There are 2 protein chains.
Amino acid sequence: MSSPSTRARGRPARLDRPGTVETALRLLDESGLDALTMRRLADALGVQAGALYRHFATKQELLTAMAERMLAGVPAAAGDGPGEGAARDWSEQLADLARDLRTALLARRDGARVFAGTHSTGVNTLGFAEAVTGVLREAGFGDEGAARALMTVAGFTVGHTLEEQAAVQPGNEDSADPERLRRAVASGSFPHLTASLPTLTSTDFTGHFEFGLRLLVQGLRAVEQEQEQP
Amino acid sequence: MSSPSTRARGRPARLDRPGTVETALRLLDESGLDALTMRRLADALGVQAGALYRHFATKQELLTAMAERMLAGVPAAAGDGPGEGAARDWSEQLADLARDLRTALLARRDGARVFAGTHSTGVNTLGFAEAVTGVLREAGFGDEGAARALMTVAGFTVGHTLEEQAAVQPGNEDSADPERLRRAVASGSFPHLTASLPTLTSTDFTGHFEFGLRLLVQGLRAVEQEQEQP
DNA sequence: ACCTGAACACCGTTCAAGT
DNA sequence: ACCTGAACACCGTTCAAGT
């Protein structure tokens, strides 16, 4: 019973999952998602590309682990309780959770694209979902309403951040390009779009996000009574 | 002045943009986005891959043209007026526009993924945006509120349909996989998620979509007075 | 047990040359 | 003017062989 640890006697492994994910996230920040290839990651780790497949079955599995890692600390920040004052309103807690998710995705280059392309079932991701449904169920929403509200809020937040990062990054093959939009709107007959164009091309993404968030929270307030459990 | 048309005397071109986009959309339906390569598309058109670059500068430009084509008819369907009865409420018109967008994206395999990865400024896409902002501005919303509501509704609809198509397609490398989610939730301590799990793993996507849409519409109704122009 | 070396079956894109 | 042929510089993934 000399506790032979999880690694048998022999050369220590040069690769492990946490270290590989950390290096992958660093490469993501440096060069973006399109430049994150298994070969380049292997290079950065001083290893051959094939060696990565001993730790991740596919590139998709690596991306899922990266998405999960990006959410570290998000659920904890929201569960920090009411502090010294009174317990916060459910709508403020919900809005803060959405803000924390957006912040976590914005913290890494192409963070929303990585997250949107995966479906992590790790503790960070499930912890976030647990926190959101918890706030809503404890506020009186039913199981179904809480689940659907989670999906709506998460979908909105990821969708918004996807657009935000696409617009902000200058070299992202896509590029929202406000100039092209302006020319296209001017070249056709779109009176309503013309009037709203300054807002549509504005870079006040926090303002846009808060507007959508308020819509969702106010919408939830409006259906609160129907959702309440007697 | 014998109107020499846009094509000079010579062999007729074998490729043109509309035909190429149509074939690309057929391939998309048959094999999905991951299998839609420039080489396979060229094969289907009986041409070498390099020939495609005389009509589309990049694959991204082709995908943008495909996204634009997918929205054909969507703005027209919404602008069909009140018919014989009274004019419909702005909220019903807005909800119908969002439903039409979802339907158009669902009509093609990976439609939401194609649409989310592009930023078309063609008449179909701008026509849809014009219809949404038009409904809102004529209902009394300001230019800024109408623009932000458009972004929120479009972002929600695309985000929802992205998840819906990822869950529905069985061979899509990603796969939402309800079984894996069930196991992960059961293996940790997530009481609220456990309660909401039946809804989270349900395939009533229309129900989920209508819930989110109602939230947004009710939210807009709640902020209607602040947004109204005096 | 873990990694190397090398291959397999592809990609998007470019460009001289043909017609 | 439009397309072919062929190349360039890559991909993700697999797997026998080494240590």
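This one's a predicted model, so the numbers in the text were calculated from it and none came from an experiment. Lettering of chains follows the sequences in order, A, B, ..., and the numbering in each one begins at 1.
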Within 45° cone of F209(A) ring axis and under 6.0 Å: R99(A) NZ or CZ:
no
Using the six-membered ring wherever Trp is involved, compare the ring planes of F156(A) and H160(A) and label them parallel, tilted or perpendicular (cut-offs 30° and 60°).
tilted
Salt bridge or not for R108(A) and D29(A), using N-O below 4.0 Å?
yes
I need the CD-C1' distance between E61(A) and dT13(D), as an integer number of Å.
14 Å
List the steps and the verdict of side-chain hydrogen bond (donor to acceptor under 3.5 Å, both in side chains) for H192(B) and R137(A).
CA-CA 7 Å; H192(B) 297 296; R137(A) 290 182 73 242; 2.8 Å; yes
As a test of your reading of the structure, name each stem of DNA chain D as range with range, where a stem is three or more consecutive Watson-Crick or G-U pairs at under 3.5 Å.
C:4-8 with D:12-16, C:12-16 with D:4-8
For the pair made of CG in L62(A) and P in dT13(D), what is the distance, rounded to whole Å?
10 Å
Counting only heavy atoms not in R69(B), do more than 12 fall under 6.0 Å of its CZ?
no
Can you tell me the distance, in whole Å, between the CG atom of D34(A) and the P atom of dG12(D)?
11 Å
When the distance from CE of M38(B) to C1' of dT14(C) is rounded to whole Å, what number comes out?
12 Å
Check this for me: does any side-chain nitrogen of one of E30(B) and R26(B) sit under 4.0 Å from a carboxylate oxygen of the other?
yes
Atom pair distance, as rounded to whole Å: CG in L52(A) and P in dT14(D):
13 Å
Same-atom distance (C1') from dC11(D) to dA7(C), integer angstrom
14 Å
Please say which of T20(A), T64(A), L41(A) ends up in a side chain to side chain contact (heavy atoms under 4.5 Å, CB included) with F56(A).
T20(A)
Are any of the side-chain nitrogens in R148(B) or E210(A) under 4.0 Å away from the carboxylate oxygens of its partner?
no
Check nucleotides 3-7 of chain C against the protein and report each pair of N or O atoms closer than 3.5 Å, with its distance, or say if there are none.
{"from": "dC3(C)", "atom 1": "OP1", "to": "R14(A)", "atom 2": "N", "distance (Å)": "2.7"}
{"from": "dC3(C)", "atom 1": "OP1", "to": "L15(A)", "atom 2": "N", "distance (Å)": "3.1"}
{"from": "dC3(C)", "atom 1": "OP2", "to": "H55(A)", "atom 2": "NE2", "distance (Å)": "3.1"}
{"from": "dC3(C)", "atom 1": "O3'", "to": "R14(A)", "atom 2": "NH2", "distance (Å)": "2.6"}
{"from": "dC3(C)", "atom 1": "N4", "to": "R54(A)", "atom 2": "NH2", "distance (Å)": "2.8"}
{"from": "dT4(C)", "atom 1": "OP1", "to": "R14(A)", "atom 2": "NH2", "distance (Å)": "3.3"}
{"from": "dT4(C)", "atom 1": "OP2", "to": "Q48(A)", "atom 2": "N", "distance (Å)": "2.7"}

NZ of K59(B) versus C1' of dT14(C): gap in Å, rounded?
17 Å
Is it true that R113(A) and D34(A) make a salt bridge, defined as a side-chain N closer than 4.0 Å to a carboxylate O?
yes
N or O in side chain of R40(A) less than 4.0 angstrom from dC11(D) OP1/OP2:
yes
Between C1' of dT13(C) and OH of Y53(B), the distance in whole Å
5 Å
Quickly work out the L63(A) CG to dG12(D) C1' distance and round it to whole Å.
12 Å
